[in-house]
Amino acid sequence: MKKLFAILSVVALMGLAPLSLYAQEEAEVTTVENVEEVEEAEITEQTPAAPAVDVDEFDPEVDVEGEPFHQVLKKQFMDGGVGWMSPLLLSLVLGLAIVIERTIYLNLATTNTKKLLDSVEEALNTGGIEAAKEVCRNTRGPVASIFYQGLDRYQEGMVVVEKSIASYGSVQMGQMESGMSWIGLFIALAPTLGFMGTVVGMIDAFDSIQAAGDISPVVVAAGIKVALLTTVGGLIVAVILQLFYNYLVSKAEGLVLSMEDSSISLVDMLTKYSKR
């Protein structure tokens, strides 16, 4: 009996040994995990948080890559060659100067012809030819000048009045169209200069190929860039001036039509006045 009890005690001790080892291992793992959690918490507390990015404080001038527009134009101007781009710029400046002068002149020459005719007719009915001439003298524009010339020749007969109106109308038309030919010259000259720069740029590119003995993009890039930039510059100048030229032509044509129509009305008015 004692032997049986001893055997059972040994077996029990053998069964409890693995359980105690497993408990020790679990305790060690739990201790290691706790230590790691403590270390992670300390690192988290020591590491400063990244600052929040405010979307509203985004500055496009700082964050967006690129150059200002005027700097790009300046760079392209220099790359196209000062010798070729300067005449194009000069053509644009002179052309725009003439455009501004003609625009101011034609706008000042615009007159309310219906109001002028009513004023002249009222002056004829109340004060005669001299009163009508005074109205025309105090009115700005080519239509009033034509009226004044016709009224000034009234004493010489209606035939002379009509010839005087027609002759002075041609003079006024010439004054309105003055300077238009220069704008047309710059419109034709700018693309021509651009194409000439293109030809010269291509010649430089082939000279570079001949000197290097190799057809390499690096060798011909400079000449081709000059060729393309001068062509683009000439076309841009021509397009800008062409738009303004068409506007001025249409404005002048409208004034001429107004002069012709009002001149006919003035002749009819003077004819009725002479029959009184």
Side-chain angles (χ1 to χ4, degrees), residues 68-111 113 140-146 149 164-207 220 222-263:
F69 182 69
H70 68 278
Q71 293 292 340
V72 175
L73 287 180
K74 181 180 178 180
K75 184 177 181 300
Q76 297 299 328
F77 182 87
M78 300 301 294
D79 290 342
V82 179
W84 292 107
M85 300 299 284
S86 295
L88 295 177
L89 180 61
L90 183 63
S91 299
L92 178 62
V93 171
L94 293 177
L96 289 177
I98 298 173
V99 165
I100 293 172
E101 187 272 332
R102 287 290 89 191
T103 302
I104 294 174
Y105 177 83
L106 293 177
N107 286 328
L108 292 176
T110 303
T111 308
T113 55
R140 182 183 58 199
V143 176
S145 300
I146 293 173
Q149 295 296 322
S164 177
I165 290 175
S167 299
Y168 201 71
S170 300
V171 173
Q172 292 296 321
M173 288 174 57
Q175 291 181 357
M176 286 188 294
E177 295 175 356
S178 176
M180 297 289 193
S181 59
W182 287 104
I183 301 176
L185 173 64
F186 293 132
I187 291 173
L189 186 61
T192 304
L193 291 173
F195 293 143
M196 189 180 298
T198 301
V199 174
V200 172
M202 296 304 295
I203 293 173
D204 290 340
F206 283 107
D207 287 341
V220 300
I224 294 177
K225 188 174 184 179
V226 171
L228 296 178
L229 288 175
T230 53
T231 302
V232 171
L235 293 176
I236 290 174
V237 172
V239 168
I240 293 174
L241 294 180
Q242 185 68 54
L243 292 174
F244 286 111
Y245 178 80
N246 288 347
Y247 165 75
L248 293 175
V249 169
S250 63
K251 186 75 172 178
E253 289 177 351
L255 286 174
V256 170
L257 182 62
S258 178
M259 285 192 303
E260 292 177 349
D261 186 41
S262 58
S263 297

Spatial distance of atom NZ (Lys251) from atom CG (Asn246) [nearest 0.5 Å]: 15.0 Å

Ile236 side, atom CD1; Thr231 side, atom OG1 - distance, nearest 0.5 Å: 11.0 Å

Spatial distance of atom CE (Met259) from atom OH (Tyr168) [nearest 0.5 Å]: 10.5 Å

Heavy-atom closest contact (Val249 atom, Met180 atom, distance): N-CE, 4.1 Å

Ile187 side, atom CD1; Gln242 side, atom CD - distance, nearest 0.5 Å: 4.0 Å

Spacing of Thr192 atom OG1 and Phe186 atom CZ [to the nearest 0.5 Å]: 13.0 Å

More than 12 heavy atoms from other groups under 6.0 Å of OH on Tyr105: yes

Verdict with reasoning, Asp261 to Thr113, per side-chain contact (heavy atoms from CB on, under 4.5 Å): CA-CA 9 Å; Asp261 186 41; Thr113 55; over 6 Å; no

Atom of Ser263, atom of Ile146 and distance for their closest heavy-atom approach: OG-CG2, 3.7 Å

Check: Ser262 side chain, Glu260 main-chain N or O, donor-acceptor pair, under 3.5 Å: no

Shortest non-hydrogen contact from Ala238 toward Pro191: CB-CG, 3.6 Å

Approximate separation, where rounding is to 0.5 Å, of Leu248 CG and Ser250 OG: 7.5 Å

side-chain contact (heavy atoms from CB on, under 4.5 Å) evaluation trace for Met85 with Thr230: CA-CA 6 Å; Met85 300 299 284; Thr230 53; 4.2 Å; yes

Shortest non-hydrogen contact from Gln172 toward Ser145: NE2-CB, 4.1 Å

Sequence neighbours left out, cut at 3.5 Å: what donor-acceptor pairs do the side chains of residues 88-104 make with other protein atoms?
residue, atom, partner, partner atom, Å
Ser91, OG, Pro87, O, 2.9
Arg102, NE, Ser178, O, 3.2
Arg102, NH1, Gln175, O, 2.7
Arg102, NH1, Met176, O, 3.2
Arg102, NH1, Ser178, O, 3.2
Thr103, OG1, Val99, O, 2.7

Nearest atoms (heavy-atom pairs only) where Leu241 meets Ile183: O-CG2, 4.2 Å

